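Working notes for the structure below.
These figures come from a predicted structure and were not determined experimentally. First the proteins, then the strands, lettered A, B, ... as listed; each starts at 1.
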There are 2 protein chains.
Amino acid sequence: MPEKKHIANIKDVASVAKVSTATVSRYLNGNLNRMSSKTAERVKVAIEKLEYVPNSAARQMITKSSKMIALIVANTDDYFSTEVFKGVSSILESYGYIGMMLDSDSDIVRERKLMSVVNSNTFDGLIIQPFNSIGSIEESIHRNIPIVIVDREMDQAPWVQVITNNYEVSREAASYFMKQGFTRFIVLTSKLSAATNRRERYRGIESVAKNIEVLEVSESLYNHKEIYDNLVKLLTESKERTVIFALKERWLLEFVPNLILKGYIDNVKATATGFADTTMARQIEPKMKLISQDPFLMGAGCAEIMVKRLKGEVQKENVIVVPATFH
Amino acid sequence: MPEKKHIANIKDVASVAKVSTATVSRYLNGNLNRMSSKTAERVKVAIEKLEYVPNSAARQMITKSSKMIALIVANTDDYFSTEVFKGVSSILESYGYIGMMLDSDSDIVRERKLMSVVNSNTFDGLIIQPFNSIGSIEESIHRNIPIVIVDREMDQAPWVQVITNNYEVSREAASYFMKQGFTRFIVLTSKLSAATNRRERYRGIESVAKNIEVLEVSESLYNHKEIYDNLVKLLTESKERTVIFALKERWLLEFVPNLILKGYIDNVKATATGFADTTMARQIEPKMKLISQDPFLMGAGCAEIMVKRLKGEVQKENVIVVPATFH
DNA sequence: CTGTTAGCGCCTTCAC
DNA sequence: GTGAAGGCGCTAACAG
């Protein structure tokens, strides 16, 4: 019958080491210079003996800091999100902070709930790929903790934003194909109205191309065969040289391989491109030119800014662009 | 020049509402039945006016609970991990808990560090896909919080484990191909010795097949062309009907499409199968039979067990198997 | 129905 | 170089 393990606190350590709690506290916080090495040793031994671990909740109350940063993403399943997280974590780690990922699952209510948790003093900062509007964030977070926005451009937002050059790089890619003689574009995308990023990408294409067909695919419920057949129809109904331009890697991976296999995409009459963060897309056809963002770097950038803000430094620029490349 | 926002505390609310802090506390915790609706209303108004949010650190000190559960995964980039997280989150949410994902990045030191954070009283429970050994976990976590292991089988572990039937399903798949007349297997895998899961899968194949070639690929630094050429060589050097069996989806996605494209995999002389959690692999070739785990369900299972433990209920079984399917 | 009070575990002056 | 004591914000008895 295992006794409920008593969790040692600073008092226990003090009494075992025969010193005051103040001394233990000093030891814990590295103020060893103001302490004889003998007492330090005694404290050390006591801590080990009792398997003592400082209670971070109590600590937080005094220091007003937990060394934890929350990253709220729209969908953990996206490679983009997890890479951002890896970037965030790696930088934070080097500064003694720790990053944790929360998933809003593109759900407004859920995002609100998560933000209210972040708002209840457990986190020192928030990095967020927001789904809600600015107003909603301001409502939810009324402590003045540092906030960094990632992957979303918000015009009037009072926080630093780390984003990609969606418009420019899409434009660059579209121009390239125009020059190659591909003058017709089939844009394969999730609902355009739902996200500013997608619209930016579309605008980039639109800025150089005239002949554009848009094929919107519903993220959750879509009929693979129907979309595929539609693509085939679009590809075959015109004599114009055509590019399939996927605004999201997923659609590239789902439809393009088959189109290549069946000969509809031959790089002469038709070709394909799109946004592709993983290396997988480039395996489909090594010669295919694609757009790659750098989510890891974006995350790292967010974390750097966060740490600066935590130190009290003020960030001058309000928008940081981590360029995507077309290659 | 914005004043440093004063953060309201329970005292402020009490004084504005002209009640005691105890009453506010009762209101916060939903003990409304023992309170006149007038005072409740006054408290409500005061809270809104002051934009008051309870300090969770202070709360934790008393209640010894944060309602937060940590999920430590080996690699956030894996679809498997993020799906587990989604399963965990969705169940926890319905019980008023909140899940957060931490990434050990398959690094022993990092995992230790994360566990020590979890150990410092900020989390009510830990779900972990461990990279370290049992001993290491026991060393790091000496509070008696509930721990659930996911995706790793640990013989002597004192915690509940939620796993997949790696051995059985691999065996089932291998038998199927044997019956179809495919008697030679090329196992495409990351280093076998590094993970029990992979070894289990290999054992499953081995239990029915005799002619097995193993091709180990290094996760981080591998030469795509070299591996590919090697596969082609293996496929062509024997007259025996052969299955390429990928123990990890990534390898399936990286090499099989090209092999199909180039005609090496024709489903007559050679075919392919493997573990595939995402739907992407099934797009490569709809007729291909693959093994799918159910990470979402595994996560949900972990969370259910966690919640039960948190309520004080004891879990009878020590190992929960969420079967994968071959189809 | 409502208020008073004693801590939770820790850090931080202020003394000695 | 070390200790005593107050207080961070909240909850949970215990009174009334």
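- Side-chain to base pairing of A:Arg26 with D:dG1: no donor and acceptor N or O lie closer than 3.5 Å to each other.
- OP1 or OP2 of C:dC11 has at least one side-chain nitrogen or oxygen of A:Asn29 nearer than 4.0 Å.
- In this structure the side chain of A:Tyr95 never reaches within 4.5 angstrom of the side chain of A:Lys308, judged on heavy atoms.
- OP1 and OP2 of D:dC8 both lie 4.0 Å or more from every side-chain N or O belonging to A:Thr63.
- Here B:Asn33 lies in heavy-atom contact (under 4.0 Å) with sugar-phosphate atoms only.
- The side chain of A:Asn55 approaches C:dG9 more closely than any other nucleotide in the set C:dT2, C:dG9, D:dC10.
- Distance CE (B:Met35) to P (D:dT11): 12 Å, rounded to an integer number of Å.
- Applying the 4.0 Å criterion to OP1 and OP2 of C:dC1, one finds that B:Thr23 has every side-chain N and O outside that range.
- Of the possible donor and acceptor atoms, none in the side chain of B:Arg152 sits under 3.5 Å from a partner among the backbone N and O of B:Phe131.
- Residue contacts shown for B:Val24 are absent, as no nucleic acid heavy atom lies under 4.0 Å away.
- For A:Asn75 (side chain) and A:Asp77 (main-chain N/O), a donor-acceptor pair under 3.5 Å exists by modelled atom type.
- Between B:Lys38 and C:dC1, a side-chain N or O to OP1/OP2 separation shorter than 4.0 Å is absent.
- A donor-acceptor pair under 3.5 Å is absent between the side-chain atoms of A:Ser120 and the main chain of B:Asn55, judged by distance alone.
- For the pair A:Ile10 CD1 and D:dA5 P, the interatomic distance rounds to 16 Å; values are reported in whole Å.
- Between B:Gln60 atom CD and C:dC10 atom P the separation is 13 Å, expressed in whole Å.
- When heavy atoms are screened at a 4.0 angstrom cut-off, A:Arg34 is found touching base atoms of the nucleic acid.
- Checking the phosphate oxygens (OP1, OP2) of C:dT12, no side-chain nitrogen or oxygen of A:Ser25 falls inside 4.0 Å.
- Heavy atoms of B:Tyr27 sit nowhere under 4.0 angstrom from any nucleic acid atom.
- Residue A:Ile62 has its side chain nearest to C:dT12 when only D:dG3, D:dT2, C:dT12 are considered.
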